[in-house]
Number of protein chains: 2
Amino acid sequence: MSFKALTLWLWCIWLNLFDLSLGAVRHYKFNVQYMIHKPDCIEHLVMAINGQFPGPTIRAQVGDTLHIALTNNLFTEGTLIHWHGIRQYGTPWADGTASISQCAITPGETFHYRFTVDRPGTYFYHGHYGMQRTAGLYGSLIVDLAKGQKEPFHYDGEFNLLLSDWWHESTQVLEVGLSSIPFRWVNDPQSLLINGRGQYNCSMAANLINTTLPQCKFKGGEECEPQILQVDPNKTYRIRIASTTSLVSLNFAIANHKMVVVEADGNYVQPFTIDDIHIHSGESYSVLVTTNQDPNKNYWISVAISGRETTPQALTILNYKTVPTTIFPSSPPSMTPQFDDFNHTKAFTHKILALKGTPPPPQQYDRRLLLLSTENLVNGYGKYAINNISLVLPTTSYLGAIKYKIGGVFDQNPPPENFSTDYDIFNPPMNPNSKTGNGVYMFELNHVVDVILQNANALNGKISELHPWHLHGHDFWVLGYGEGKFKASDESKFNLKNPPLRNTAVLFPYSWTALRFKADNPGVWAFHCHIEPHLHMGMGVVFAEAVQHVDHIPGSCGCYRI
Amino acid sequence: MSFKALTLWLWCIWLNLFDLSLGAVRHYKFNVQYMIHKPDCIEHLVMAINGQFPGPTIRAQVGDTLHIALTNNLFTEGTLIHWHGIRQYGTPWADGTASISQCAITPGETFHYRFTVDRPGTYFYHGHYGMQRTAGLYGSLIVDLAKGQKEPFHYDGEFNLLLSDWWHESTQVLEVGLSSIPFRWVNDPQSLLINGRGQYNCSMAANLINTTLPQCKFKGGEECEPQILQVDPNKTYRIRIASTTSLVSLNFAIANHKMVVVEADGNYVQPFTIDDIHIHSGESYSVLVTTNQDPNKNYWISVAISGRETTPQALTILNYKTVPTTIFPSSPPSMTPQFDDFNHTKAFTHKILALKGTPPPPQQYDRRLLLLSTENLVNGYGKYAINNISLVLPTTSYLGAIKYKIGGVFDQNPPPENFSTDYDIFNPPMNPNSKTGNGVYMFELNHVVDVILQNANALNGKISELHPWHLHGHDFWVLGYGEGKFKASDESKFNLKNPPLRNTAVLFPYSWTALRFKADNPGVWAFHCHIEPHLHMGMGVVFAEAVQHVDHIPGSCGCYRI
């Protein structure tokens, strides 16, 4: 126990006297607790909020302050919630990331998140402690434009679909398998869920057109009954689609209908028309669908695995109100691209560009990190590493530790900013061993930072995995994607004119992805692969920006223990 | 955040400068983590210590100080360990009871238990947070006499058997069922374990004499292989038997062999001979067995459910070294008393008396509590209540809160000391509703306290349940057991001459149990039903004794959060 810790304590006393209350405030009470439920018609434990799975949808307007009083009613587990896509300007302590912005809320305690939503868009929230997202701790967060303001596209109605994956094993069993020798991979999920609803038995059926299967008949009121999208003919609907999957990348399609993509991760994109979208964990989109097909039919909406093989698709129905919901579609769901057809997902990804009129990114950078993602071993345990360091989070939060200069919390040596130029990304690592670490990349306020993510071969075999990387507290411009190993000449291919702003970007197999962002948000921010088992195995880094400018850390003070 | 909390903080700084180190110190590192294991031959998650299930056996000598550095390597759960039967004189902060002696240790943290074992005997340790005991967090703790000292009985060798019950559902599923509407009882365990080993498939077989069943053949090295007790003929063995069951009461027998009971809960008892013993959760015994049977045979050792119906018995073998271990016993296991034969268990219990020469209890009491145990509803949730209050523990520890006068932690009104004289214990409660509470019974130093536990009819039907009540920080004298409702005239039946000293005593259906103890141990102590689901549902009270005399609370200081 140091003088610094005492300083922290005194800060806390002082800060708790204050309460931010700017603008309209929306109050929510979130009670996190386990519940027995049937997400895919099979009974399982889920981590629910207020008895709901997924948790309640938060719907707010730009400029609102959300006050979410989160009470932990789990039995022995800590918990917290991250508000994915909300940049948390001025409220980095409310980002809800364990060991980074706060310590986990202990059972019986209530933590008060207070933050402003400053931008319209399709967001979601989820647990960010251990693998509680895999356990079902998530929900939607939709921010509408302020009254009187208009989106740059027209629609007559909207739907919101939160996509996730689901296992029949308990999350603890999955977690312990990842942390064991011998290593046990989680394997593919048993089901995919649309708004927390899937149909395991029914999805397992070879041909879903066969309506005689009793498990595919729903009387109504079942917990796993699909949520049917009821539409009028000849209208345009906005469908918000977000993926909070633990593991898998998804392909979303509506049979016989084209989609126009208009939003990605809360940013408007230049509209483009497509048959199906690829959505990776951590991403969100809005698409416009015009109901211009035969109004005497219903149509399959399908969510299928892209990049993996064994999990059956999730299905629901686009129901033209002109026919009953009970009429099964007469034509099959859209064909899903082959699981290893990365060209299809790349083609989709490359189409995403900023809406015309969006200001371009800074043309120069102040600092550039080259981050090599590898699969490794640490003392024989399976891990992921970035520049050969596998992230193991400390028990005290970085934000409190840096702000209050508490020593001994994390490694004061910053992690490496690049990797050996002779690293062979096309083969398994020569030396499979990495080490654990918890150092921090520190950025000066308003510096423009480039991150070049570099993918490589996995630990064994001839394979390279896909990783959707998510940045907290910011959007970044996606300057480009490229095959193979990044080289100086690749910079000439960067899109500095209309790159999309996003909070999540894919790193394709054997490829690189170039990102740029402005370190304009004092705080400490996670940057990590959004595949939860990968993060659990160390695939992340920590960015700290001008923490001396953070002047208000309520609640997380208690994080520091003697 | 109050001035008192600041005082607490300053205390902590001061106290952490000190380190008790009187006498010989035994150091242990306990690493609590989940492990995939096959306790009963079926794969399941277990809460292990140092990769072992049950945790390592601690073996110490009277006068030793144990220093156990407990590191929480769970993913998102807090944890702690209670040292069951160790009175913790002078170290109430090391009792390891969540919300009472300390807050749970958070993931990644290490807590240092330091306490003296001042008395020989058969003890054990276990999780005391949520239902982590049910999850497998337990192990044995044996204290031997100091060198040169002798037990008041002879034996040539010894064995140690820790008994437990095991479910195939996850502990979280069991817990959430108990906390749900509709209520889901845990139901009977799938298996009984002897030193963490059971044989589900084999035990399910109707007749275990049938050696042709492949699942009953062990090649050696299986995680669920029974631990065979190898003995020489014509010797006397001490068998230590402790029950850390979550739920069930057990009957222990060795076919064809008598047992002499010599120890109960770390206290010597007047030896008596018996065919089988009844052991309830929280109890421990030592029995002496003389190997005076046909040395050309092996014999079944059986652990069977007493008081419940469906779980098959656990078996192992008493192997006379004169024959191979692989020879199956030629005679069946001992007959188990009928599950509802309470007379059998009562007859056994009444035989337990203090060893001749043990000082008698105080003949007078200073204070008497009458505690009525009932099954109730609170807002429709199934609960247990004591004098109509169902215990819900606070988030800050009582010990810290009382010592440092932190307000707002628990109800300052003490709970009721008795119950309505016209309560009908033979029928379901007239009013099923109780309320939750967390008040404390405060005792003056060295006061002699009587507790009369009163059982009653359950919430529904014509049934009354058995509850083994366990007191922390003390032994109590069991002054007597009686049928029906306790009345003044029952006091004349109290045994004030040679009542046994124990830390756990049974409250039989529709009965009362009278206990006496001396409040000679400054601290805060749980007194509760040792059936973990019952405690989870509120069946406990909190005793505080002269907390002003407690002068050293390291480590638990961090419990208080802003």
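In the text below, chain A, chain B and the rest are named by the order of the sequence lines, each starting its count at 1. Because the structure is predicted, anything quoted here is derived from the model rather than measured.
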When the 4.5 angstrom heavy-atom criterion is applied to Ser179(A) and chain B, the contacting part is side chain

Residue among Ala98(B), Gly130(B), Gly78(B) with most heavy-atom pairs under 4.5 Å to chain A: Gly78(B)

Here the gap from Thr171(A) atom OG1 to Gln172(B) atom CD, rounded to the nearest 0.5 Å, amounts to 9.0 Å

Among Met131(A), Glu77(A), His536(A), Gln132(A), find the one that has a side chain to side chain contact (heavy atoms under 4.5 Å, CB included) with Phe75(B). His536(A)

Taking every heavy-atom pair that is under 4.5 Å apart, which of Val173(A), Thr79(A), Leu74(A) has the most such pairs with chain B? Val173(A)

Under a 4.5 Å heavy-atom cut-off, does chain B meet the side chain of Pro107(A), its backbone, both or neither? both

Non-hydrogen side-chain atoms of Leu45(B) and Val176(A) separated by less than 4.5 Å: yes

Under 4.5 Å, heavy atom to heavy atom: which of residues 31-40 of chain B reach chain A? Give them by number, or say none. Tyr34(B), Met35(B), Ile36(B)

To the nearest 0.5 Å, what is the distance between OG1 on Thr395(B) and CD1 on Ile105(A)? 12.5 Å

